[in-house]
Q: 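My questions will all concern the structure given below.
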Amino acid sequence: MRYWLMKTEPGEFGIDDLAKRPRKTEPWDGVRNYQARNMMRDEMKKGDRVFIYHSNCEAPGIVGIAGIVREGYPDPTAFDPEDRHYDPKSDPANPRWYLVDVKFERKLRRTIPLTELKAQAALEGMALVRRGNRLSVMPVSEREWKYILSLE
DNA sequence: GCCAACGTTGGC
DNA sequence: GCCAACGTTGGC
C-alpha cells in the first residue's frame with residue numbers, strides 16, 4: 001500500500017463535500033497535469049491512502065484522509081464540450097486524461113496547516129513544502145505519513 | 001489582488 | 001529542439 005496527497009480547493013470541492021457524497025465517493029476529475037495524470041493512471045492502487053489537502057484558501061493545509069476505491073480510468077469530463085475541463089485533444093480511443101475514485105475516510109482532528117508542515121525538519125524532502133510546487137497529486141512516504149499523523 | 005514559479009504552446 | 005510568450009497555480 002502506498003500513500004499520497006491530493007489537493008483540492010474547498011471553495012470548489014472540499015473534504016466536507018466528499019463526506020456528503022453518496023457512498024462518500026467522488027471521481028477525482030479535472031486534473032490536467034501530466035505528472036499527476038501518470039500517477040493516477042499508473043501508480044495509484046485500490047486501498048492506497050490519501051491525505052486531502054485544501055489549497056487556495058484562508059488556511060491551506062491537510063484536512064483529512066481518503067482512500068483509493070477505483071483505479072485509473074479515462075476522465076469523462078475531457079470528452080464533454082460542456083464541461084469546463086473539456087479537452088478537444090483527448091481522443092476517446094486514446095484518452096489523454098485519467099482519474100481515480102476517492103472515498104472519504106475521516107477528517108483529521110484539526111487542520112494541519114502548511115505553515116506548520118513547512119516548519120518540520122522531518123518533512124523537508126516533501127514535494128508539498130518545496131518552493132513553487134504546483135503538483136495536485138503527489139506521493140507521500142510512509143515515514144512522512146506517520147510523522148504527519150503524529151502532529152494531529 | 002499580487003506575483004513568483006512553473007507547465008504548455010507554438011513559431012522558427 | 002529551442003525558447004519566448006502565455007496561462008495557471010497557489011501562497012501570501
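Every chain is numbered from 1 and lettered A, B, ... according to where its sequence line falls, protein lines coming before strand lines.
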Q: Could you state the CG-P distance from A/N33 to C/dT8, rounded to the nearest angstrom?
A: 14 Å
Q: Given that A/G132 and A/R96 both sit by DNA chain B, which one's nearest nucleotide is further toward the 5' end?
A: A/G132
Q: In whole Å, what is the span from the CG atom of A/N133 to the P atom of C/dC12?
A: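 Computing the A/N133:CG to C/dC12:P distance gives 12 Å.
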Q: Just by distance, do the side chain of A/T25 and the backbone of A/R23 share a donor-acceptor pair under 3.5 Å?
A: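 Judged by distance alone, yes, a pair lies under 3.5 Å.
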Q: Which one, C/dG11, C/dG10, B/dG7, comes nearest to the side chain of A/L114?
A: C/dG11
Q: Quick one: does A/R2's side chain have a donor or acceptor within less than 3.5 Å of a partner on A/P139's backbone?
A: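 Looks like no, no N/O pair under 3.5 Å.
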Q: In terms of side-chain heavy atoms of A/Q35, which of B/dG7, C/dG11, C/dC12 is nearest?
A: B/dG7
Q: Ignoring the backbone of A/K7, work out which of C/dG11, B/dG7, C/dG10 is nearest its side chain.
A: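 My answer, after comparing the listed nucleotides, is C/dG10.
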Q: Quick one: A/H54 NE2 to C/dG11 P, roughly how many Å, whole number?
A: 12 Å
Q: Consider the side chain of A/K89, meaning its heavy atoms from C-beta on, and name the nucleotide among B/dG7, C/dG11, B/dT9 that approaches it most closely.
A: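 Selected nucleotide: B/dT9.
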Q: Please check: side-chain N/O of A/H54 versus main-chain N/O of A/I15, any donor-acceptor pairing under 3.5 Å?
A: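 Yes: the side chain of A/H54 pairs with the backbone of A/I15.
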Q: At a cut-off of 3.5 Å, list every protein nitrogen or oxygen paired with a nitrogen or oxygen from nucleotides 1-3 of chain B, distance to 0.1 Å.
A:
none

Q: Looking only at side-chain N and O atoms, does A/Y53 come under 4.0 Å of OP1 or OP2 in C/dG11?
A: yes
Q: Give, ordered by number, those residues of residues 117-130 of chain A having at least one heavy-atom distance below 4.0 Å to an atom of DNA chain C; if nothing qualifies, reply none.
A: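 Of all residues in residues 117-130 of chain A, the ones placing a heavy atom under 4.0 Å from DNA chain C are A/K118.
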Q: Give a yes or no on whether a salt bridge exists between A/E116 and A/R110, defined as a side-chain N under 4.0 angstrom from a carboxylate O.
A: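 Yes, charged N to carboxylate O under 4.0 Å.
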Q: Determine whether A/R32 and A/D87 satisfy the following criterion, salt bridge (Lys or Arg N to Asp or Glu O under 4.0 Å), listing intermediate values before the conclusion.
A: CA-CA 9 Å; A/R32 297 292 179 263; A/D87 181 358; 5.3 Å; no
Q: Between C/dC12, B/dA4, C/dG10, which nucleotide gets closest to the side-chain atoms of A/R131?
A: B/dA4
